[in-house]
Amino acid sequence: MMAALRLHIAANVICLRRNRLLHAFMLLVAVGAATVVVPALAFGDTSNRFEAMRVLARMLHGATSLMTPGVGLFLLWVHRRGRSIAMVATTAAPFGAWVAAIPATSALVGAAAHAAIALLLVVLSQVWGVTYQYGFAYLALDGFTES
């Protein structure tokens with residue numbers, strides 16, 4: 001069962017990696033994040049940069065928390081639209097592994113996104129010379145558990 005679960009998770013990740021609609025949504029989120037980061041580059045004060053990092057962290061973690069369950073629904077939509085559910089249900093692999101792979105893939109993608117946001121904040125704090133606050137790591141863990 002675990003081998004089938006890993007196989008389905010890998011197939012779902014490949015499906016997400018190849019989907020252009022998901023890439024367009026990620027580009028839209030990146031442009032929204034750039035509206036916070038680019039003006040912060042002009043500020044000379046570290047307190048303004050810290051405030052920009054705080055706003056950026058809340059915005060990105062909030063978007064990711066909404067996106068994580070959406071990834072599961074998106075995967076179901078892709079499988080339904082591609083008419084692959086009947087093919088999955090008739091294979092020798094357990095159907096429960098496919099069903100369990102949907103939320104597991106969503107959780108995996110959400111964890112990776114929250115970790116990437118936390119890493120982005122570490123890099124921004126180093127580049128801008130702002131002391132990194134461990135509350136940003138807490139926001140990442142809290143955002144993941146919420147999603």
Should Phe95 and Val78 be regarded as members of a common hydrophobic cluster, given that ILVMFWY residues are connected when their side-chain heavy atoms come within less than 4.5 Å of each other, either directly or indirectly? yes
Quick check: closest heavy atoms across Phe144 and Gly110, and the distance to 0.1 Å? CD1-C, 4.1 Å
Linked, directly or transitively: Met1 and Ile102 (ILVMFWY side chains, under 4.5 Å): no
Grab the two heavy atoms, one from His8 and one from Ala101, that are nearest each other, plus how far apart they are. CB-CB, 3.4 Å
Minimum heavy-atom distance Ala4-Ala97, with the two atoms named: CB-CB, 3.8 Å
Can you give the donor-acceptor pairs under 3.5 Å from side chains of residues 14-29 to other protein atoms, not counting sequence neighbours?
residue : atom : partner : partner atom : Å
Asn19   : OD1  : Leu21   : N            : 2.9
Asn19   : OD1  : Leu22   : N            : 3.4
His23   : NE2  : Arg17   : O            : 2.8

Set of side chain to side chain donor-acceptor pair (under 3.5 Å) partners for Thr105, sequence neighbours left out: Asn12
Clusters formed by hydrophobic residues whose side-chain heavy atoms approach within less than 4.5 Å: which one holds Met2, and what are its other members? Leu5, Ile9, Val13, Leu108
Which residues satisfy the side chain to side chain contact (heavy atoms under 4.5 Å, CB included) test with Leu56, sequence neighbours excluded? Ala33, Val36, Val37, Met59, Leu60, Leu120, Leu121, Leu124
Got a sec, which pairs hit side-chain hydrogen bond (donor to acceptor under 3.5 Å, both in side chains) with one end in residues 113-125, sequence neighbours left out? His61-His114
Establish whether Leu73 and Trp77 are linked, either directly or via other cluster members, by ILVMFWY side-chain heavy-atom contacts under 4.5 Å. no
Does Ile117 belong to the same Ile/Leu/Val/Met/Phe/Trp/Tyr cluster as Val123, with side-chain heavy atoms less than 4.5 Å apart forming each link? yes
Does Ser147 reach the main-chain N or O of Gly143 with its side chain, forming a donor-acceptor pair under 3.5 Å? yes
Scan the side chains in residues 133-142 for donor-acceptor partners under 3.5 Å anywhere in the protein, sequence neighbours excluded, and list what turns up.
none

So which heavy atom on Ala113 is nearest to which on Thr64, and how close? CB-CG2, 3.5 Å
Residues Trp128 and Met53: closest non-hydrogen pair is CZ3-CG, 3.6 Å
Can you list the residues that meet the side chain to side chain donor-acceptor pair (under 3.5 Å) rule with Arg54, with sequence neighbours excluded? Glu51
